[in-house]
S.K.: 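Input: one structure, supplied below.
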Protein chains: 2
Amino acid sequence: MFSIGTVARQTGLKVPTIRYYEQVGLLGAPERTEGNQRRYGKDQVERLGFIKHARDLGFPIEAIAALIDLAEHPDRSCAQAAEIAQRQLEDVREKLERLTRLEAELSRIAKGCSGTGVADTCYVMASLADHAHCGSEH
Amino acid sequence: MFSIGTVARQTGLKVPTIRYYEQVGLLGAPERTEGNQRRYGKDQVERLGFIKHARDLGFPIEAIAALIDLAEHPDRSCAQAAEIAQRQLEDVREKLERLTRLEAELSRIAKGCSGTGVADTCYVMASLADHAHCGSEH
DNA sequence: CTAATGTCTCTAGCGACTAGAGCTTCAAGA
DNA sequence: TCTTGAAGCTCTAGTCGCTAGAGACATTAG
C-alpha cells in the first residue's frame, strides 16, 4: 500500500492531480488509514500510470474514462478503443495543420521587423492591424 | 456609430466576446445610447480587428494588451513588439514539435488495432498501459 | 402600435488542473 | 516516549478565454 506522495513520485503525476482524478471519478476511492490518509494498491497505481500516459498523449478525461470502462468489460469490441484513438489522432492532426500555418505566418511577421521606431514602420504592428498583409488564411 | 451586433459581423467576433474584451480592459468602454446600448466608432472597430487577428494567431490576451500599449506609444522601440511576436513564434514551434511526436505515436497506436476482442490483444489498450510500447518520448 | 429582434447585466460553466489556508497525521531520530 | 518536520487532509477560489442562459429593457421594421 502506497501513500499519495509515493504514488505521485512513481507515476509522475502531482498529488493534487491524483486527488482530482478521484474527484471526477476516473479512479475509484482508495482505502484509507485510520487517520484518513489515502493508501493505494498496485492496481490503482497501474491505472494512474495508464491515465498519465493517455493524458500525455492528449486524450481528454472523458475519453480516458471511456477507455477504462472498456478495459473493465473485456468482452466488448476493441473497435471502440480504436475509434477513440482514431478520434484523438484526427484531433491532433487538425491542430498540427493549424499550427503549421500559424508558424509560417508568425515567422514571416517576426522576421520582417526592422527594430526601429514603432510609429509607421513596425512590420509586426502593420501585419497584425491588416489581415491583407497575410500570406495565407488562418 | 455601430451597434455591438454590427461590429460583431464586421470583425468576425461574437457579441459576448466583444463585451468580454471590454471587461478585461482590452478595449475602452464605448459610448452608449440613451437606452444604454453600446455604440462603437471606427477606431474601436479597427482595434477589435487587430485583436481578432492577433487572437487568431494565438497571442494571449496579455500579449495583445502589451502590443496595444505599444501602439499607443509610438515613441517606444519596435523591438518590444518584435520580442512579443518572437515569443509567440517560439511557443507555436514548441507546440508543433510536441504535436508532431504525438501524431507519430498515435498513428502507430491507432494503426495497430486488430478490431477483435479487447481482452488481451487490444493494441490500443496495451500501448496506453505500458509506456515501453512507445516509439519515442512524449 | 406591435412584434420581432437586438441588447443589457449578471451569474455560472467549460477543461484540467493549480494554489493556498488552516488543520491533522505520520514517521524518524533523540 | 516525545518531538519535530514533512506529508497529508478538506475546502474554496483562481487560471484562460470565452460561452450559455435568465430575465429585463431598447430599438427598428412594417
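Below, chain A is the first sequence line, B the second, and so on; all start at residue 1. Heavy atoms only: backbone and side chains are in, while hydrogens, waters and symmetry mates are out.
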S.K.: Please report the shortest heavy-atom distance between B:L70 and B:A81, naming the atom on each side.
M.R.: CD1-N, 3.5 Å

S.K.: side-chain hydrogen bond (donor to acceptor under 3.5 Å, both in side chains): which pairs involve residues 94-103 of chain B, sequence neighbours left out?
M.R.: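 For residues 94-103 of chain B, and leaving out neighbouring residues, the side-chain hydrogen bond (donor to acceptor under 3.5 Å, both in side chains) pairs sorted by first residue read A:R93-B:E103, B:D91-B:K95.
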
S.K.: May I have all residue pairs that pass side-chain hydrogen bond (donor to acceptor under 3.5 Å, both in side chains) and include part of residues 4-15 of chain B, sequence neighbours excluded?
M.R.: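 Counting only pairs at least two positions apart or across chains, the side-chain hydrogen bond (donor to acceptor under 3.5 Å, both in side chains) contacts touching residues 4-15 of chain B are B:S3-B:T6.
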
S.K.: Can you list, in residue-number order, the parts of residues 49-61 of chain B that come under 4.0 Å of DNA chain D, counting heavy atoms only?
M.R.: B:R55, B:P60, B:I61

S.K.: How far does CZ of A:F59 sit from CG of B:L128, to the nearest 0.5 angstrom?
M.R.: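 Here the interatomic distance stands at 5.5 Å.
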
S.K.: Quick one: how far along DNA chain C does chain B reach, first to last nucleotide 5' to 3', anything under 4.0 Å to a heavy atom?
M.R.: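 Answer, 5' to 3': C:dG6 to C:dT9.
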
S.K.: Mind listing the closest non-hydrogen atom pair of B:A104 and B:S107 along with its distance?
M.R.: O-OG, 3.2 Å

S.K.: Is the backbone N or O of B:L57 less than 3.5 Å from a side-chain atom of B:Q88, with the two atoms forming a donor-acceptor pair by type?
M.R.: yes

S.K.: On DNA chain D, which is the earliest and which the latest nucleotide, 5' to 3', with an atom closer than 4.0 Å to a heavy atom of chain A?
M.R.: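 Boundary nucleotides touching chain A, in 5' to 3' order, are D:dG8 to D:dT10.
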
S.K.: Could you tell me if the side chain of B:I51 sits less than 4.5 Å from the side chain of B:L48, heavy atoms only?
M.R.: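 Yes. Closest side-chain heavy atoms under 4.5 Å.
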
S.K.: Hey, could you give me the CG/CD1 distance between A:L67 and A:I84, rounded to the nearest 0.5 Å?
M.R.: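 Answer for the CG-CD1 pair, A:L67 versus A:I84, is 4.0 Å.
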
S.K.: Restricting to pairs with a member in residues 57-69 of chain A, which pass salt bridge (charged side-chain N to carboxylate O under 4.0 Å, His left out), not counting sequence neighbours?
M.R.: A:D69-A:R76

S.K.: What pairs with B:A8 under side chain to side chain contact (heavy atoms under 4.5 Å, CB included), at least two apart in sequence or on another chain?
M.R.: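 Only B:V15, B:I18 meet the side chain to side chain contact (heavy atoms under 4.5 Å, CB included) criterion with B:A8.
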
S.K.: Show me the pairs that pass salt bridge (charged side-chain N to carboxylate O under 4.0 Å, His left out) and involve residues 45-56 of chain B, at least two apart or across chains.
M.R.: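 Residue pairs with at least one partner in residues 45-56 of chain B: B:R47-B:E72, B:K52-B:D56.
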
S.K.: Tell me, which of residues 12-33 of chain B have any heavy atom that sits under 4.0 Å from an atom in DNA chain C?
M.R.: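 Of all residues in residues 12-33 of chain B, the ones placing a heavy atom under 4.0 Å from DNA chain C are B:R19, B:R32.
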
S.K.: Taking salt bridge (charged side-chain N to carboxylate O under 4.0 Å, His left out) as the test, write out the residues that go with A:R87, two or more places apart.
M.R.: A:E83

S.K.: Locate the shortest heavy-atom distance separating A:Y123 from A:I109; write the atom from each residue and the value.
M.R.: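 In terms of heavy atoms, the two residues are closest at CD2-O, 3.5 Å.
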
S.K.: Check each residue of residues 34-42 of chain B for a non-hydrogen atom within less than 4.0 Å of any atom in DNA chain C, then write out the ones that pass by number, or none.
M.R.: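 Going residue by residue through residues 34-42 of chain B, the ones with a heavy atom under 4.0 Å of DNA chain C turn out to be B:N36, B:Q37, B:R38.
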
S.K.: Enumerate, atom names and distances included, each donor-acceptor pair closer than 3.5 Å involving a side-chain atom of residues 20-28 of chain B, sequence neighbours excluded.
M.R.:
residue: B:E22; atom: OE1; partner: B:R38; partner atom: NE; Å: 2.8

S.K.: Check A:M125 against B:A71 and note the closest heavy-atom contact, atom names and distance.
M.R.: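 Taking A:M125 first and B:A71 second, the nearest heavy atoms are CE-N, 3.9 Å.
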
